[in-house]
Amino acid sequence: MNNSVNIQQLALNLGLSILEYNLIVDKLGREPNEFETYLFSAQWSEHCGYKHSKYYLKKLNSSFESENAGYVEIGDNAIVFKVESHNHPSAVEPYQGAATGIGGIVRDILAMGARPVALLNSLKFGDLKESKVKKIFNGVVSGISGYGNTIGIPTVAGEISFHETYNNNPLANVMCIGVSKKDELMSSHADGPDRLMAYVGSKTGPDGVHGASFASKEFGKEESPERPSVQVGDPFAEKNLIEASLEIMKIKGVEACQDMGAAGILSSTSEMAYKGKLGCELYLDKVPIRQNDIKPWEIMLSESQERMLFLIEKGCEEQIKKICDKYMLEFAIIGKTIQTSLYRVFEKEQGKILAELDIDVLVNAPEFYKNNVVPTSFYINRGRKIPSIEESADSILKRILAHPTFGSKRWVYEQFDYQVGTNTLIIPGYADSSAIWLKGTQNAIALTIDSNEIYTYLDPYEGTKNVVYEAARNLISIGAKPLAITDNLNFGNPEENEISWQFEQTIEGLISASRELNTPVVSGNVSFYNSYKDKSIYPTPIIGMVGEIEDITKIINKKFKETNDEIYLIGK
Amino acid sequence: MKIIKTAVLVFPGTSGERDAHFALQRNNFSVDYLWHDFDQSLEYDLIFLPGGSSFGDYLRPGAFAKYSNVIKSIEKYVLQNRGLVVGIGNGFQILTEVGLLPGGLALNESNTFICKDVLVEAINLETPFSNSINPDNNTFRFSIASRYGRYVVNNNEIDENQIIFKFLHNPNGSSENIAGIVNKDMNVFGTMLHIERSCHPFLGYDEFNPIFESIRRYLTRE
Amino acid sequence: MKKDTPNKEFVFEIKIKLRDGILDPQGNVTYKILKKLNYPIEQVNFDKSIRLTIQESDFQKANTIAEEIASNILVNPVLEYYQISQIQEE
Amino acid sequence: MKKDTPNKEFVFEIKIKLRDGILDPQGNVTYKILKKLNYPIEQVNFDKSIRLTIQESDFQKANTIAEEIASNILVNPVLEYYQISQIQEE
Ligand SMILES: Nc1ncnc2c1ncn2[C@@H]1O[C@H](COP(=O)(O)OP(=O)(O)O)[C@@H](O)[C@H]1O
């Protein structure tokens with residue numbers, strides 16, 4: 001198997017391009033072995049590598065790629081927040097897709113050392129008349145309910161719209177907000193050699209090992225082509241992981257933390273070491289596994305849920321193990337940091353070496369940039385005349401009101417526990433934003449999540465600015481001061497010219513609006529390839545915004561108060 | 001004022017413990033958290049089993065909590081009538097699973113989780129948990145948040161005077177609109193109503209919480 | 001059963017199991033608890049079992065419908081597989 | 001299975017059903033969906049099915065344990081009853 005033709009073929013089957021493959025060989029000065037090829041295929045995937053978005057995102061967010069989530073300060077508190085998508089999994093298995101989406105974003109916030117205190121979501125579905133769409137809608141809502149409620153984090157606000165552009169590509173974006181004392185935030189950077197890498201959480205199984213079945217069709221004789229790639233969420237383990245992690249982070253000698261998300265062990269260990277300008281060694285026999293026939297590369301790439309990586313000094317293992325036992329979680333030391341910037345994976349300590357790579361080659365996926373040109377569709381859209389309206393206002397109004405996008409969302413949000421934590425000052429349906437009380441103070445965090453796929457389709461630049469403005473208005477409407485933005489950019493295939501242009505325009509719009517409002521973009525996420533049979537969704541940037549309420553007694557909601565009160569319209 | 005000592009139990013998966021803590025403190029109870037493997041005798045005036053879930057509720061809500069050490073201590077505590085026990089949500093489910101309260105909690109009629117405010121009426125005001133309620137002002141708004149909130153009980157397992165609260169509009173299909181019950185000795189109270197969420201006007205509820213008020217009155221009178 | 005129709009009732013059990021390699025959180029936790037209670041348990045699996053009562057003129061037709069419902073509606077093949085069997089009314 | 005023990009493995013299925021008169025919301029909701037899709041469906045019931053793999057020296061002992069686990073732990077007698085059966089490993 002270890003001859004060049006096969007390795008190259010494997011690389012291609014795993015989704016690397018020939019260009020990327022050659023780049024790897026070039027940078028390594030040799031051909032990667034089979035195991036290493038798997039590592040590259042995951043670490044250089046769009047999902048981990050941000051190949052098609054890095055160039056733009058750097059313009060947007062100065063701290064891009066440095067920590068798990070961004071934050072703002074309110075009083076002594078750091079408010080940590082981020083939004084994440086789980087669009088593709090939700091299309092395939094709506095319940096588990098949405099559930100594991102929540103799990104992932106919650107661990108991102110947790111990894112910063114913050115206790116997650118609220119969830120929001122933005123959901124996009126196709127035409128509800130289609131039975132397939134209905135099934136996805138039901139599944140996503142009950143997945144959020146099942147997972148979010150069980151881990152005891154309130155889902156306090158959100159938005160849902162229905163449009164045929166999402167018929168085959170639903171969007172499930174979830175935003176999580178956490179609170180930490182400013183000086184207790186956790187780093188995700190390794191800060192010295194010979195620190196131990198501690199694995200905490202559920203066991204590793206073959207969940208979400210992408211490309212596995214695909215690759216094995218070509219290569220595998222013994223591999224089962226039936227390997228599942230759908231992850232199942234275990235909210236009980238997540239709840240335990242939240243409590244355990246917060247306890248572990250209090251231990252002196254615990255230096256860094258990183259959740260195991262996409263490409264689990266591989267990306268968490270390599271990025272943690274790389275950010276600390278170090279290398280690391282891993283011993284795969286130490287990883288707690290769920291089934292014996294799992295392969296080394298599967299262990300590395302597995303996206304089994306509810307796992308965390310901690311970097312610790314020698315000597316605090318026992319304390320951590322005790323906490324893990326208390327919370328019924330696995331604990332193992334799976335490796336350590338080393339001074340040389342190499343990424344080494346061993347079958348076992350002093351055993352066979354499976355990979356030895358320059359860590360910055362592994363971690364730094366190539367960056368693609370296109371010279372975008374304005375697509376003709378934009379001019380066509382811009383040239384559209386306002387259609388003459390024949391229908392009566394009465395019947396148009398009825399049609400609008402009957403559209404599920406404008407209907408009451410009560411059926412949805414009543415399935416979410418929006419009150420647990422008893423910090424929810426504004427519950428769903430009462431105002432355009434929610435507010436979470438920082439108990440012990442007069443302050444609250446104001447929260448909203450917004451998008452408008454029609455605007456952003458017609459003009460991604462202006463549309464995106466509009467969404468940012470809307471988010472800010474929603475915060476202002478309850479008396480909050482907008483502070484910062486997180487975003488999730490849901491797009492089609494970035495290799496297409498039109499999509500690439502849409503993406504660039506969206507970023508420009510975001511930069512412009514966030515400067516105008518003085519609300520920096522502190523975190524975010526990109527979801528590409530939301531397309532089906534070559535048809536991409538409307539560009540859908542989703543904006544989460546966080547604001548500050550200085551005095552919770554001054555919060556206002558949108559209910560009319562008294563008869564004969566006068567109504568004013570402000571603006572034009 | 002006599003200090004009322006309360007233990008809030010925490011099982012793996014519990015999420016309502018801090019809510020209970022906040023509410024109890026606002027009502028001037030002193031509060032300790034107790035992890036579920038606690039097996040000493042319980043030197044408290046009130047034992048509070050909060051909401052959330054326990055062990056993921058993966059078999060049935062509350063089913064596995066039964067095997068925690070603390071349960072044996074609670075059984076003794078109840079038998080010897082050493083104080084009061086309150087179970088909210090998952091706490092209620094645990095108390096029925098253990099057998100300290102009759103009946104059981106089944107999947108809501110709607111097959112979905114339900115989080116909303118409901119109106120209930122207090123119909124027995126002669127219990128340690130309801131003695132402060134004014135008969136002319138006995139309707140309250142409380143929050144529910146559960147998927148397994150449908151209370152099921154056979155008529156012959158429960159006496160009329162064990163029912164403290166009834167729903168005005170049944171949200172989940174519970175037998176006889178029952179929203180909160182006590183055991184025969186009237187020292188254990190269970191409900192799916194999140195009474196601990198009704199503790200602060202900022203959170204949309206009255207300051208006055210009839211249940212905490214009644215408990216205080218009962219325990220300080222003795 | 002309606003008296004005025006020639007149709008018969010057939011009851012099928014659709015047993016739905018998780019595919020190999022798919023996490024079974026319910027089974028896992030139940031296993032851990034039983035282990036802790038010192039039962040000589042090796043494994044616990046949670047399956048679903050759904051009974052469908054179908055009205056049709058003959059078994060073949062009813063069976064086809066049950067298969068269709070199972071595979072199109074009740075089961076997600078990326079996670080699960082199913083077994084179908086006729087059961088006699090108790 | 002551990003090689004150094006004389007024990008054998010026995011697998012039991014515990015089928016848990018709702019007692020008569022206890023509403024089955026999952027079954028009801030699924031029934032309504034199927035009805036709407038025009039299936040000739042009369043009734044849908046959701047049961048639980050739990051497989052226990054028990055290690056014991058003989059069937060009798062294993063069966064006693066399975067019964068004990070089922071009746072003491074797996075079933076809430078207020079709401080449910082169970083049936084137990086041995087199954088052959090597939
Ligand atoms: N997916 C969701 N999750 C939680 N809450 C939601 C969701 N969708 C809508 N909501 C809540 O329902 C209420 C009404 O939402 P929406 O119909 O978008 O109204 P508006 O246009 O006035 O914001 C808001 O409080 C919103 O936060």
Side-chain angles (χ1 to χ4, degrees), chain A residues 115-117 138 141-142 144-156 233-244 325-329 410-430 435-437 439-440 442 444 549 551-553 555 557, chain B residues 10-26 33 35-37 50-59 61 64-65 88-90 108 110-118 142-149 171-172 193-205:
Chain A
R115 175 177 282 281
V117 297
N138 275 313
V141 170
S142 45
I144 293 174
S145 166
Y147 200 95
N149 298 344
T150 306
I151 59 177
I153 302 175
T155 295
V156 298
D234 180 350
F236 176 52
E238 179 93 350
K239 170 68 178 157
N240 284 324
L241 192 58
I242 294 172
E243 301 303 332
D325 287 346
K326 172 179 170 190
Y327 289 105
M328 301 166 78
L329 299 171
R410 181 189 293 260
W411 181 84
V412 174
Y413 62 69
E414 278 187 355
Q415 295 189 45
F416 306 153
D417 189 342
Y418 46 75
Q419 276 175 318
V420 60
T422 56
N423 294 315
T424 313
L425 298 170
I426 300 179
I427 62 172
Y430 277 75
I436 294 290
W437 185 10
K439 279 208 190 108
Q442 289 283 97
I549 293 171
D551 180 356
I552 52 176
T553 60
I555 291 177
N557 60 31
Chain B
V10 185
F11 295 87
T14 299
S15 55
E17 72 273 28
R18 282 182 306 277
D19 301 3
H21 192 282
F22 179 70
L24 288 161
Q25 275 200 334
R26 267 190 74 75
Y33 291 126
W35 184 243
H36 71 119
D37 60 6
S53 60
S54 44
F55 299 94
D57 288 349
Y58 284 159
L59 175 63
F64 287 140
I88 304 302
N90 195 241
N108 292 341
S110 63
N111 191 33
T112 59
F113 190 98
I114 301 174
C115 178
K116 66 175 183 187
D117 280 0
V118 293
F142 284 116
S143 154
I144 55 168
S146 48
R147 190 159 124 84
Y148 283 78
N172 52 23
L193 304 170
H194 277 285
I195 58 166
E196 81 287 11
R197 295 183 183 182
S198 298
C199 63
H200 204 297
F202 289 169
L203 298 168
Y205 299 94

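A note on names: the letters A, B, ... follow the listed sequences, proteins ahead of strands, and every chain is numbered from 1. What's counted below: heavy atoms across the whole structure, side chains too, no hydrogens, waters or symmetry copies.
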[X], part contacting chain B, at a heavy-atom distance under 4.5 Å:
X	result
E243(A)	side chain
I552(A)	side chain
K326(A)	both
N240(A)	side chain

### Message
Can a donor-acceptor pair be found, under 3.5 Å and without considering hydrogens, that links the side chain of N149(A) to the backbone of D417(A)?
### Response
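Such a contact is found between N149(A) side chain and D417(A) backbone.
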Relative to chain A, which segment of [X] carries a heavy atom at a distance below 4.5 Å: side chain, backbone, both, or neither?
X	value
Y58(B)	side chain
S110(B)	neither
H200(B)	side chain

### Task
Take V141(A) and F416(A) through the side chain to side chain contact (heavy atoms under 4.5 Å, CB included) test and state the conclusion after the steps.
CA-CA 9 Å; V141(A) 170; F416(A) 306 153; 4.1 Å; yes
### Message
Please identify, among D234(A), T553(A), T424(A), the residue contributing the most non-hydrogen atom pairs under 4.5 Å to chain B.
### Response
D234(A)
## Note on the structure
Of S142(A), P235(A), G146(A), the largest count of non-hydrogen pairs under 4.5 angstrom with chain B goes to P235(A)
### Task
Locate the shortest heavy-atom distance separating R26(B) from C199(B); write the atom from each residue and the value.
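For R26(B) versus C199(B), the nearest heavy atoms are NE-O, 2.6 Å.
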### Query
What heavy-atom pair brings A435(A) and I555(A) nearest, and what distance separates the two atoms?
CB-CD1, 4.2 Å
### Message
Over 60° means perpendicular and under 30° means parallel, so tell me whether Y413(A) and Y418(A) are parallel, tilted or perpendicular.
### Response
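Rings of Y413(A) and Y418(A): perpendicular, as their planes differ by over 60°.
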### Task
Could you list which of residues 16-25 of chain B have a heavy atom closer than 4.5 Å to any heavy atom of chain A, in residue-number order?
R18(B), D19(B), F22(B)
### Query
With sequence neighbours left out, what residues match Y205(B) under ring pair (Phe, Tyr, Trp, His ring centres under 6.0 Å)?
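If we apply the ring pair (Phe, Tyr, Trp, His ring centres under 6.0 Å) test to Y205(B), skipping adjacent residues, there are no hits.
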### Under the ring pair (Phe, Tyr, Trp, His ring centres under 6.0 Å) test, residues paired with Y327(A) that sit two or more places apart
W35(B)
### Message
Going by the rule side-chain contact (heavy atoms from CB on, under 4.5 Å), which residues pair with Y148(B) if we only count those two or more places apart in sequence or in a different chain?
### Response
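P61(B), Q93(B), L107(B).
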### Task
Begin with the C-alpha distance, continue with both residues' side-chain angles, and end with the deciding distance and a verdict on side chain to side chain contact (heavy atoms under 4.5 Å, CB included) for R197(B) and D117(B).
CA-CA 11 Å; R197(B) 295 183 183 182; D117(B) 280 0; over 6 Å; no
### Query
How far does OG1 of T150(A) sit from NZ of K239(A), to the nearest 0.5 angstrom?
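Rounded to the nearest 0.5 Å, the OG1-NZ separation comes to 11.0 Å.
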